[in-house]
Visitor: 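Dropping a structure here in structure tokens format, bear with me for questions.
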Amino acid sequence: MYPKKISVNLSLIAFTCLHFVIAAPSPTDSRAEQVKKAFKHAWGGYASYAYGHDELQSISNEISDSRNGWGASIFDGLDTMIIMGLEDEYTTALKHIKNVNWSYSASPSKTFETNIRYLGGLLSAYDLKNDPILLERAVELADKVIMPAFNTPNRIPAAYVNVQAGLPVEGNMITLAEFGSLQLELVRLSQLTDNDKYQLAGNFILEKISKVPSHLPGLYPMIWELDTFIPKDTFITISGGSDSYYEYLLKTHILMEGKETLQLDMWTTAVASMQKYLRSESLNGKVYLAELDDDFKLMQSGELVCFIPGNLLLGAAYLNNKKMREFADELMESCYGTWTDSPTGLAPETWSWIDKTQNTTVFPAEMRQAVLTTGFLAQNTGYDLRPETIESLFYFYRMTGNKIYQDRAWDIFQAIEKYCKTPSGYTRISDVTNPKAVGPLNFEESYFFAETLKYLYLIFTDPSYISLDEYVFNTEAHPFKLKTPIRVQAKSFN
């Protein structure tokens, strides 16, 4: 035990010396200041009523502990504080982080969520601030909570871990995203500690996936059996349950300095199949990604899919692929259209449409009229403070230099301010189609601090700040420093 602890501390010291501590710029765009003000408003409510707990119920001002009870909002908001230059909030948060007990949780720890929120938040904050305690706590968290998930017969991580026992929780059903989106954080942890065990564990999963036959090249069903490691059914989606699996293939390749080819090949193959099998054009020309089940093409999608235009654009720039860029463009326009064609300016959680090749006479007149007008029909009319379209707008602004994407992001921010703001923060709403009764739902997810407000803020700051040439973002918008910069950002902005 003693020699191992010495080794970790020496590693911390060595990497602290090599890192550059980022300094928050003074925003020249007043819109950045307005987003920062929104963060401070939400953080003030959380700090007053729910500090140390995972989330604030932002209407009743009660607490919620849906993510282990360790203070998910603090870990998710940590790097946003650093990026916004909120030193007092950061200093207070650091005191909490030092004292979290990873060996206690009232419920099992969900491996995927703990990885992207807690570990991702710690690693990103360390990349930006270099406080040694951040990396020390990240190593402890990985060893005590995340790595035990891999203690299964086939080394595929379990969905949950009993943190008191340090053992995976029995359960045989797991989603593609849950086991297939751990590698980015684990690779970065290996880079920072010079310990390959994390990277080897994370990337082993992708090697295993690559050997499983897929009905459509590169696309896999969402639900898998853990013990046999084969898909349970045929349902294919790019939405929740699968989304970050596809996102991480490209990003891990970039983080690994292009020194691996498997995940890049898996990503390009998947993108080609998305375009060939999932692409659907609606009656009024909007392009969406459909879902598949038993070879039936389901004309349904949602906000969770709207990270994909940004991911495609990143890959298109990285690979200099014009066809991929065009695919990204059409999906970006359709995702943004679900906001502009909504009465509140907020996108619904999910929607459906009629493909231009379908027989329209079999659909109800109300649906035909809706899709002819807007291109889609809202299914789940709620808005959960989600960031995915904003995320893609961030990539499009930074990589095209076109300020129209700033204006679009600002319109979204103003809609959030109008319909989601409460006296102590921001809340989910239940009906984006009814401006007079949006139905507040009394919940503020930690990703609102990590993703929604961070992406909005960065859209309005100097593009060289947290540049996409120098950082890769995890699925919770935590930026990791690239060992070798890439060249994807625009050279001019107008």
Side-chain angles (χ1 to χ4, degrees), residues 176 214-223 231-243 245-246 269-313 323-383 386 388-389 392 431-434:
L176 179 62
S214 57
H215 178 55
L216 301 177
L219 298 180
Y220 289 97
M222 182 176 73
I223 306 295
K232 174 66 174 175
D233 56 28
T234 62
F235 178 65
I236 291 175
T237 181
I238 312 300
S239 190
S242 297
D243 45 4
Y245 160 72
Y246 299 103
T269 300
V271 169
S273 285
M274 289 178 204
Q275 192 158 20
K276 183 175 181 179
Y277 299 107
L278 302 186
R279 183 185 180 278
S280 170
E281 189 171 336
S282 73
L283 289 179
N284 72 345
K286 297 287 182 67
V287 174
Y288 305 106
L289 287 183
E291 297 174 332
L292 289 176
D293 197 5
D294 283 332
D295 290 330
F296 287 100
K297 197 169 183 178
L298 309 174
M299 307 307 166
Q300 57 191 34
S301 189
E303 172 61 12
L304 280 170
V305 180
C306 286
F307 78 94
I308 199 70
N311 191 244
L312 291 172
L313 189 68
K323 183 179 179 181
M324 200 177 290
R325 164 65 192 271
E326 292 170 352
F327 191 28
D329 284 340
E330 60 185 9
L331 290 173
M332 179 77 265
E333 292 306 303
S334 297
C335 278
Y336 181 62
T338 62
W339 298 74
T340 57
D341 290 328
S342 164
T344 57
L346 296 169
E349 278 291 290
T350 60
W351 57 85
S352 59
W353 64 94
I354 301 173
D355 188 274
K356 67 179 184 179
T357 64
Q358 291 180 291
N359 178 6
T360 59
T361 61
V362 302
F363 295 96
E366 181 183 6
M367 183 174 184
R368 292 201 305 270
Q369 184 58 45
V371 297
L372 282 170
T373 304
T374 65
F376 68 94
L377 180 68
Q379 290 181 326
N380 179 341
T381 60
Y383 171 61
R386 293 210 185 274
E388 282 76 16
T389 295
S392 285
D431 192 355
V432 301
T433 69
N434 188 353

Visitor: To check you understand the geometry: which heavy-atom pair defines the closest contact between V287 and L331, and what is its length?
Guide: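 Where V287 meets L331 most closely, the heavy atoms are O-CD2, 3.5 Å.
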Visitor: If I take atom CG from residue L292 and atom NE2 from residue H215, how far apart are they, to the nearest 0.5 angstrom?
Guide: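 Result: 8.0 Å between the selected atoms.
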Visitor: Yes or no on side chain to side chain contact (heavy atoms under 4.5 Å, CB included) for F327 and M274, after CA distance, side-chain angles and deciding distance?
Guide: CA-CA 10 Å; F327 191 28; M274 289 178 204; 4.2 Å; yes
Visitor: When rounded to the nearest 0.5 angstrom, what is the spacing between CG in N380 and CD in Q300?
Guide: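 It comes to 12.0 Å.
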Visitor: Listing request: all salt bridge (Lys or Arg N to Asp or Glu O under 4.0 Å) pairs with a residue in residues 329-343, at least two apart in sequence or in separate chains.
Guide: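 Qualifying pairs, neighbours excluded: R279-E330, K286-D341, R325-D329, E333-R408.
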Visitor: If you measure only the distance, is there a donor-acceptor pair under 3.5 Å linking the side chains of T338 and W351?
Guide: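 No, W351 and T338 have no side-chain donor paired with an acceptor closer than 3.5 Å.
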Visitor: Less than 4.5 Å apart, any side-chain heavy atom of R368 and any of I354?
Guide: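 In contact.
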Visitor: Identify the two heavy atoms, one from A347 and one from V432, that lie closest to each other, and give their separation to 0.1 Å.
Guide: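 Smallest heavy-atom distance, with atoms named: O-CG1, 3.8 Å.
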Visitor: Closest approach of S280 and W353, non-hydrogen atoms and distance?
Guide: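 Here S280 and W353 meet closest at OG-NE1, 2.8 Å.
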Visitor: Quick check for you: to the nearest 0.5 Å, what is the distance between I308 atom CD1 and T389 atom OG1?
Guide: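 It is 12.5 Å, given to the nearest 0.5 Å.
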Visitor: Give a yes or no on whether the backbone of P348 and the side-chain of E303 come within a donor-acceptor separation of less than 3.5 Å.
Guide: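 Looks like no, no N/O pair under 3.5 Å.
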Visitor: Can any side-chain N or O of T350 pair as donor or acceptor with the backbone N or O of G302 at less than 3.5 Å?
Guide: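 Checked: no pair found.
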Visitor: Short question: side chain of S242, backbone of I238 - any donor-acceptor pair under 3.5 Å?
Guide: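 No; judged by distance alone, with no hydrogens or angles, the pair does not exist.
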Visitor: Drop me the distance from D294's CG to I236's CD1, to the nearest 0.5 angstrom.
Guide: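 D294 CG to I236 CD1: 10.0 Å, rounded to 0.5 Å.
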Visitor: Would you please indicate yes or no on a ring centroid separation below 6.0 angstrom for Y383 and W339?
Guide: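 Yes, close enough.
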Visitor: How would you list, by chain and number, every residue that makes a side-chain hydrogen bond (donor to acceptor under 3.5 Å, both in side chains) with T237, sequence neighbours excluded?
Guide: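 E291.
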Visitor: Between the main-chain N or O of E366 and the side-chain N or O of Q369, is there a donor-acceptor pair closer than 3.5 Å?
Guide: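 No; judged by distance alone, with no hydrogens or angles, the pair does not exist.
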Visitor: Can you check side chain to side chain contact (heavy atoms under 4.5 Å, CB included) on S282 and Y288, steps first, answer last?
Guide: CA-CA 8 Å; S282 73; Y288 305 106; 4.1 Å; yes
Visitor: Step by step, would you call V305 with S239 a side chain to side chain contact (heavy atoms under 4.5 Å, CB included)?
Guide: CA-CA 5 Å; V305 180; S239 190; 3.6 Å; yes
Visitor: Over all heavy atoms of both residues, which pair between Y246 and Y220 is shortest? Give the atoms and the distance, please.
Guide: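 Y246 and Y220 have their closest heavy atoms at OH-N, 3.1 Å.
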Visitor: Could you state the interatomic distance from CG (L313) to CE (M324), rounded to the nearest 0.5 Å?
Guide: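 L313 atom CG to M324 atom CE measures 10.5 Å (nearest 0.5 Å).
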Visitor: Distance-only, no hydrogens or angles: does the D431 side chain make a donor-acceptor pair with backbone N or O of T433 under 3.5 Å?
Guide: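 The answer is yes, because a donor-acceptor pair under 3.5 Å joins these two groups.
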Visitor: Who passes side chain to side chain contact (heavy atoms under 4.5 Å, CB included) against K232, sequence neighbours left out?
Guide: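 Side chain to side chain contact (heavy atoms under 4.5 Å, CB included) check on K232 returns M173, I223, E225.
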Visitor: Nearest 0.5 Å please: distance from the CG atom of L312 over to the CE atom of M332.
Guide: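 Rounded to the nearest 0.5 Å, the CG-CE separation comes out at 11.0 Å.
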Visitor: Taking all atoms of both residues into account, what is the closest heavy-atom pair of L377 and M367, and its distance?
Guide: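 Looks like CD2-CG, 3.9 Å.
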Visitor: Is the closest side-chain heavy-atom distance between N284 and L372 below 4.5 Å?
Guide: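 Contact flag for N284/L372 side chains = no.
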Visitor: Which atom names give the shortest non-hydrogen contact between S392 and P309, and what distance separates them?
Guide: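 Closest approach of S392 to P309: OG-CD, 3.5 Å.
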Visitor: Answer yes or no: is there a donor N or O on one side and an acceptor on the other, between the side chain of S273 and the main chain of P217, under 3.5 Å?
Guide: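 Side chain of S273 to backbone of P217, a donor-acceptor pair under 3.5 Å: yes, one is there.
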Visitor: Determine whether a donor-acceptor pair (N or O, by modelled atom type, separation under 3.5 Å) exists between the side chain of T234 and the backbone of D293.
Guide: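 No; zero donor-acceptor contacts below 3.5 Å.
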